[in-house]
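Comments concern the structure below.
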Amino acid sequence: MSAILELQGVKKAFGAVVVADDQSWSLAPGEALGVLGPNGAGKTSMFNLVTGTLSTDAGRIRLDGQDITGWSAARRCRAGIARSFQVPQPFAHMTVFENAYVAATQGAGLSGRAAETHCLDVLDRTGLVAKSNVQAGGLTLLERKRLELSRALCAKPRVILLDEIAGGLTEHECQSLIQTIRDVHATGVSIVWIEHVVHALLAVVSRLMVIDFGRKIAEGEPNAIMQSREVKEIYLGIEADA
Amino acid sequence: MPDALLTLQALNAHYGDFQALYGVDLRVDPGEVVAVIGANGAGKTTMLRSIAGLLKNAPGAIRWKGQAIGALRADQVAGRGIALVPEGRLLFPSLSVEENLVIGGQLGRKGPWSLQRVYDLFPILKERRHQQSTSLSGGQQQMVAIGRALMANPELVLMDEISLGLAPVIIRQIYEALPGIVGEGLTAVIVEQDIAKALSVSQRVYCLQEGRVSLEGQSQTVPREDITRAYFGV
Amino acid sequence: MTLSVTRRTRLSTTWLILLVPIVLLLIAAPWWAGRADLRLMGEIALYMSLAILWNLLAGYAGLVSVGQQAYVGFGGYLFFALTMLAGLHPYAALPLVVLAGFVISAPVAVLIFRLRGAYFAIGTWVVAEVFRLSFAQISSLGGGSGTSLAPDIVRSLADGRDAREAVAWWLALGAAALVLGTVVWLLRSRQGVALTAIRDNELAARSLGIDIWRTKFTVYVVVSGLTALIGALIFLQKLRISPDAAFSANDWTAFVIFIVVIGGIGTLEGPILGTLIFFALRETLADLGTLYLIALGIVAIVIMLFAPRGLWGFLRDRWGLELFPLSRRVSGLAKKEA
Amino acid sequence: MDWLNALVQGVLLGGLYALFAAGLSLIFGVMRLVNIAHGDLIVLSAYIALSFGVALGLNPLVALLLVVPTMALIGYALQRLILNRTMGEDILPPLLVTFGLSVILQNALLMGYSADPQNLQAGAIETASVTLGPLAVGLMPVMVFATAVAVIAALQWMFYRTALGRAFRATSDRQDVAQLMGLNRAHVFGLAMALSLAVTALAGVFLGIRTAFDPAAGGARLIFGFEAVIIGGLGNLWGTLAGGVILGVAQTVGAKIDPGYQILAGHVVFLIILALRPRGLFPRIDG
Amino acid sequence: QTPTIKVGHVSPRTGPLAGFAEADDYILQAIGERFGAGVENNGRAWQIEIISKDSQSNPNRAAEVASELILSDEVDIIVAASTPDTVNPVSDQAEINEVPCITTDCPWQPYFFGRGGNPAEGFLSTYHFFWGLEDVIGAFLAMWDGSGVAKSVGGLFPNDADGNAWGDPELGLPTPLAAAGYALTDPGRYQPMTDDFSNYINAFKEAGCEIVTGNMIPPDFGTFWNQAAQQGFNPKIVTIGKALLFPSVIEGLGERGIGLSSEVWWSPSHPFSSSLTGASAGDLAGGYMQTTGRPWTQPIGFKHALFEVVADVVARAEDLEDPEAIIAAIAATDMNTIVGPVNWANGPVPNVTKTPLVAGQWQREGDGVDLKIVANATAPEIPTTGELMLLS
Ligand SMILES: Nc1ncnc2c1ncn2[C@@H]1O[C@H](COP(=O)(O)OP(=O)(O)OP(=O)(O)O)[C@@H](O)[C@H]1O
Ligand SMILES: Nc1ncnc2c1ncn2[C@@H]1O[C@H](COP(=O)(O)OP(=O)(O)OP(=O)(O)O)[C@@H](O)[C@H]1O
Ligand SMILES: [Mg+2]
Ligand SMILES: [Mg+2]
């Protein structure tokens with residue numbers, strides 16, 4: 001089966017800091033891929049490259065076989081790539097509902113009733129519906145993160161990129177988030193998820209990728225990866241043989 | 001009982017018409033680590049921001065070494081020796097990493113913390129010290145935010161969810177360093193979602209629920225079910 | 001589920017119903033208003049249009065321009081040139097002015113969109129200065145000294161003084177209606193949602209599928225074309241044009257900004273309210289001369305300090321008033337929570 | 001020879017423009033504040049110097065010793081009493097407030113001093129000339145240029161090398177977090193505006209000596225100042241000096257071609273630079 | 001019940017042209033007193049009510065207040081003075097609304113041609129009295145001819161209404177200067193409020209100009225004059241229109257203001273007197289100086305004359321209720337005013353009549369300065385009061 005998203009030899013550096021070093025990987029349709037890596041490894045940068053907020057120095061990015069390397073961020077979103085931001089970027093002077101509505105009309109190209117129902121549906125799933133008429137600027141950090149997720153979903157993506165959305169959740173909230181993401185996944189959306197809350201990640205993804213210094217250093221079945229020496233040393237900070 | 005370092009008495013806080021805190025009482029003694037836990041939106045951040053002087057308060061609600069500081073501006077509160085590691089890092093984008101740290105110490109209070117010690121704690125920052133702070137990764141930024149607060153050589157440091165977004169290895173490293181930091185005469189209030197972590201590093205714990213204190217106790221002895229109850233109000 | 005999304009409120013519906021007789025009454029103005037009142041009303045309609053347009057740029061699209069006088073003057077000059085030099089009938093010239101406004105503003109947009117925020121503002125001002133200095137070099141339009149509209153052309157509008165005044169009023173009223181209609185339509189469309197989103201956060205807007213450049217470009221070009229039309233009508237009323245008058249930053253931008261600030265920036269109702277207040281002030285205080293302008297400045301500053309969203313913004317924040325059904329509210333929430 | 005003369009005069013004129021721009025650049029850098037009233041404040045300084053001259057019989061160059069602190073004080077008060085209340089993420093409120101301020105200043109000056117053009121009489125130095133090779137250039141323009149260079153150097157050093165400069169930059173980034181560092185933002189902004197208007201005082205007095213001024217003279221000066229800032233590149237004070245010089249030369253060379261093009265040429269060069277280098281010629285790399 | 005006739009008056013009370021309107025209050029007060037008794041028309045006394053509005057030196061605003069006067073105040077006659085920026089917009093509004101209009105204080109070419117006037121047709125309801133560029137040229141030449149300096153002239157003309165008219169190759173200074181044997185160096189039209197004149201100075205130096213002339217606003221002249229000194233350009237005669245009209249400007253230039261020269265449209269020594277009050281030019285100026293403590297200025301006489309004409313027209317009109325009758329009365333005017341004869345029958349073009357013009361130089365008098373009339377060949381009835389002295 002051909003990949004829905006594919007990176008081939010993607011490179012990006014800021015001066016001496018290499019954030020993507022010859023990165024190649026692919027995502028199968030309907031797959032959920034987890035991404036781990038120390039702080040500053042280049043995970044968020046990788047998302048920026050895929051979504052077009054950063055331009056690549058070299059390499060190709062393909063969506064469903066089509067080369068999207070030169071496309072604008074907006075075009076990529078309309079083509080089916082949506083993301084959440086690690087540092088939330090709400091439209092602070094618009095209400096939660098309007099935030100979602102922007103995504104539904106612009107990203108998903110819906111209009112009228114269809115857009116409205118879709119937004120309400122998504123907000124209901126992410127547990128933000130009660131805040132629909134609240135200005136996004138007044139949300140707490142975690143509500144903002146939920147808004148990030150909602151907006152991305154409203155854009156009806158084929159591939160959704162999630163950047164640390166489980167941090168700071170209570171155990172209970174974390175479980176409900178996991179359920180939400182599983183539901184999304186069940187509808188056939190492919191997922192790439194960066195997360196430091198490892199157990200949440202493991203509850204959803206079927207494959208793990210580990211990044212350090214912009215390089216992919218391990219990839220494979222989640223449990224095996226978690227047991228690997230690299231992950232234990234550079235990520236969990238426990239002695240490999242402990 | 002020793003004289004309290006910081007006390008909150010019936011602290012209220014508002015955002016416009018919305019009341020976020022209702023009569024919060026809290027006490028911090030010198031040299032201890034107090035953990036504050038609570039669900040999202042419980043008002044933890046609001047409480048820390050109130051203490052730091054970023055939100056308006058009734059003048060008498062906050063006392064520092066017995067003196068009312070509720071009416072002071074944030075910069076005056078900082079001058080008394082209270083530092084905040086804000087939720088979401090909030091570094092100065094146009095300052096370099098090193099300048100971000102240096103400005104933390106610009107009040108010139110004496111104490112154990114210096115640029116060198118921060119670099120010892122987070123060696124990666126030394127490597128990146130001339131870089132612009134916004135170009136750091138999320139985790140690196142969190143390190144700068146912590147270092148910046150320590151640079152002030154405060155008597156009390158308020159830490160708001162510092163482990164958010166950090167790789168486990170870094171969280172571990174920071175919490176391992178915490179007892180040492182406190183041991184040098186620093187007092188800390190930490191807000192943390194990871195309850196186990198919070199309880200393990202603190203002496204006492206408060207739980208907030210919908211703007212009210214729903215539980216207060218000794219971290220080591222407080223029963224887990226009490227916490228669950230305090231958390232969700234069941 | 002009982003949730004639904006509405007834009008209409010009881011107030012907005014009442015207002016829209018009220019609007020019908022108001023508009024009819026205004027159309028009939030030549031039969032009930034004196035010539036002086038008609039003139040004043042025409043001027044109000046034109047200033048209101050400028051304010052609505054500027055507010056769309058600055059308040060909605062975040063394009064804070066202090067150089068819209070470029071298009072006011074351009075429209076005025078072009079209208080004079082088309083009627084006096086090319087010999088067109090005024091009615092034929094007006095649509096051409098709009099078109100030319102679109103055409104000339106496109107390359108300008110390409111250039112100044114390279115600037116952001118405050119720098120954009122200054123860029124627009126420089127462009128307006130370039131327009132002013134360039135028109136001052138055209139000797140067939142009087143160079144720096146300007147020129148008067150030939151009386152024949154004015155007379156070709158209609159027979160007799162009263163008919164001319166009526167026509168001038170209908171043109172102004174029509175232009176205001178066109179402007180208001182265009183802006184409401186734009187804001188209710190997909191573009192409108194995109195605009196507010198861009199103003200709040202460009203990074204997020206881009207990532208959610210909004211083509212920022214194109215959205216802003218569309219707004220800028222539409223606003224500029226319509227501003228040129230208003231400019232043509234303004235100078236049709238004034239009968240005389242000169243570079244300093246046509247490209248006056250004070251008359252066509254400062255006053256317009258004051259109007260929007262006083263009324264409420266980023267609301268559709270603000271510029272309308274602001275225009276009425278501005279003219280009320282002007283009619284009562286203008287003879288104070290210098291003091292009047294000082295008072296105007298003070299009013300603007302005080303509003304900025306104590307009600308930064310203007311009078312309408314203040315009313316809206318207080319009571320959620322909205323005359324034009326623009327924002328989307330989710331209703332039925334309380335039931336759901338219960 | 002002609003062209004050389006145009007060039008030299010342009011460079012010297014650029015020094016004055018850089019002085020117009022320096023204060024603007026500073027407060028924009030610190031507060032993201034676009035001060036539309038800057039031109040009128042320049043003119044205000046000239047009038048203050050005029051009043052000191054009339055009241056105390058001082059040469060305007062001596063009066064600078066009083067005008068500079070007066071303007072600094074006005075700046076500090078203006079910032080703390082009015083502008084600070086509008087400072088936030090949105091650049092629009094302060095911009096509009098300074099717009100209002102500009103209208104108020106112009107008309108207040110008109111009431112106070114009437115529309116009569118005024119001139120600052122600095123005595124013989126005003127018409128003194130120095131010979132540079134084949135050219136006669138005014139002593140004043142040379143002095144102005146030298147002052148501009150000194151002011152820019154001092155500001156650059158202050159902004160990037162001192163604790164005050166660091167405080168300026170930090171407060172400009174995040175006002176409330178800067179408060180947490182013990183910086184009182186109201187005071188920091190007040191200082192920045194004071195410094196800006198101190199430079200403005202220099203610009204105003206030099207302007208008043210060079211040309212006649214009236215209450216309406218501020219607008220054009222504001223534009224030249226802004227152009228210099230943008231040509232030079234955001235946040236780079238040396239760039240601002242270069243911007244002033246480029247603008248001055250563009251004007252004198254344009255005027256050489258046809259006097260009607262003098263100001264137009266400056267604007268056109270500005271727009272061309274904008275088209276080719278939208279961030280100015282010498283932007284700070286990090287931006 | 002005395003009937004009232006309303007006269008609208010537009011003038012730049014504020015703004016950069018405010019100097020021209022400085023004497024408004026004084027004149028309007030005196031005129032108001034004089035009109036208090038009413039003016040007789042066809043055996044009935046008419047009250048004259050003057051409504052004065054400020055154009056803020058802004059042509060837009062001038063058009064606006066003129067239309068207010070016409071439409072809401074419903075004035076019967078409208079008058080205006082002070083530069084094309086005030087006079088032209090007001091006249092245009094009057095013309096289109098068919099309201100009688102009398103203006104002054106703006107050379108007639110920018111008035112007539114600046115408004116697109118056609119010498120074959122003229123205007124319907126707007127009339128103007130002042131001098132023209134041919135008079136300025138005549139007066140300047142008369143002054144320069146006797147001075148013995150080289151006939152090489154530098155020209156400074158801005159790109160504004162006055163500058164374009166003065167510098168116009170056909171209607172302005174260039175042709176007559178050439179005819180009189182003067183070589184004119186005219187580098188082109190500068191934008192008003194410029195910071196730099198080095199180009200002009202350089203060009204004048206190269207051409208060896210000993211005379212500088214032109215029409216400038218005061219700030220620009222100040223800039224030019226300082227830079228001329230810095231760059232070592234020292235002409236012998238500097239005769240500039242408009243910029244050098246007002247004593248305050250000259251005083252502002254200090255020592256370097258002495259010896260500059262200008263056109264003189266009116267002075268206390270003009271041998272005319274008011275048809276309204278009988279006061280001589282000297283009386284009028286003296287009264288002004290006494291009342292206000294300020295030096296006299298040229299617009300005083302013309303502002304007064306404007307209302308003299310109004311009074312005359314009101315007295316003669318056949319039917320004051322009928323605008324056409326008022327216009328006919330204006331056209332038939334033949335009177336002597338404090339600025340000289342006004343008679344639209346003998347103008348250079350329809351709707352325009354001319355008043356005499358001479359040339360003067362600012363000279364020291366006591367601790368102040370005074371404008372001495374130094375050349376009167378164009379209007380010998382006006383006596384000279386001094387001799388031209390060369391600069392430097
Ligand atoms: N700027 C604001 N404007 C309006 N309401 C706010 C604002 N900031 C916070 N609130 C509200 O105040 C309440 C308490 O928020 P606070 O940020 O203190 O919670 P918290 O306990 O820190 O939550 P979290 O764990 O999500 O950080 C929440 O209901 C939130 O919606
Ligand atoms: N614009 C930039 N200029 C210079 N360096 C940059 C820039 N953006 C990112 N970097 C660097 O690139 C590296 C990768 O950053 P990135 O944000 O992708 O990390 P991350 O893996 O998402 O880390 P975290 O888990 O902490 O969020 C970091 O070291 C950061 O300092
Ligand atoms: Mg990241
Ligand atoms: Mg919080």
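Residue numbers start from 1 in every chain, and the chains themselves are labelled A, B, ... in the order their sequence lines are given, proteins ahead of strands.
In terms of modelled atom types and a separation under 3.5 Å, the side chain of E:Asn199 and the main chain of D:Thr252 share a donor-acceptor contact. Between the side chain of D:Gln262 and the main chain of E:Asp196, a donor-acceptor pair closer than 3.5 Å is present. Here the side chain of E:Asn226 pairs a donor or acceptor atom with the backbone of D:Ile209 at under 3.5 angstrom.
To the nearest 0.5 Å, atom CZ of residue E:Arg189 and atom CG of residue D:Asp258 are 9.0 Å apart. Rounded to the nearest 0.5 angstrom, D:Leu13 CG and E:Gln227 CD are separated by 8.0 Å. From D:Leu7, atom CG reaches atom OG of E:Ser198 across 11.0 Å, with rounding to the nearest 0.5 Å.
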Step by step, work out the side-chain contact (heavy atoms from CB on, under 4.5 Å) result for E:Glu255 and D:Gln121.
-> CA-CA 10 Å; E:Glu255 204 46 50; D:Gln121 315 261 325; over 6 Å; no
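When each of D:Tyr261, D:Phe224, D:Tyr17 is checked for heavy-atom pairs under 4.5 Å with chain E, D:Tyr17 comes out on top. For the set E:Asn159, E:Leu253, E:Asp220, E:Val249, the entry with the most heavy-atom pairs within less than 4.5 Å of chain D is E:Leu253. Per-residue heavy-atom pair counts under 4.5 Å with chain D were compared for E:Pro158, E:Gly222, E:Pro218, E:Ala203, and the maximum is reached by E:Pro218. Among E:Gln230, E:Glu251, E:Arg256, the residue making the largest number of heavy-atom pairs under 4.5 Å with chain D is E:Gln230. Considering only heavy-atom pairs separated by less than 4.5 Å from chain E, the leading option among D:Gln9, D:Gln106, D:Met111 is D:Gln9. With chain E as the partner, the residue from D:Pro141, D:Ala220, D:Ala217 showing the most heavy-atom pairs under 4.5 Å is D:Pro141.
Of all heavy-atom pairs between E:Pro187 and D:Pro259, the closest is O-CD, 2.9 Å.
No part of E:Phe224 comes within reach of chain D, as not one of its non-hydrogen atoms sits under 4.5 angstrom from that chain. Neither the backbone nor the side chain of D:Gln251 comes within less than 4.5 Å of any heavy atom of chain E.
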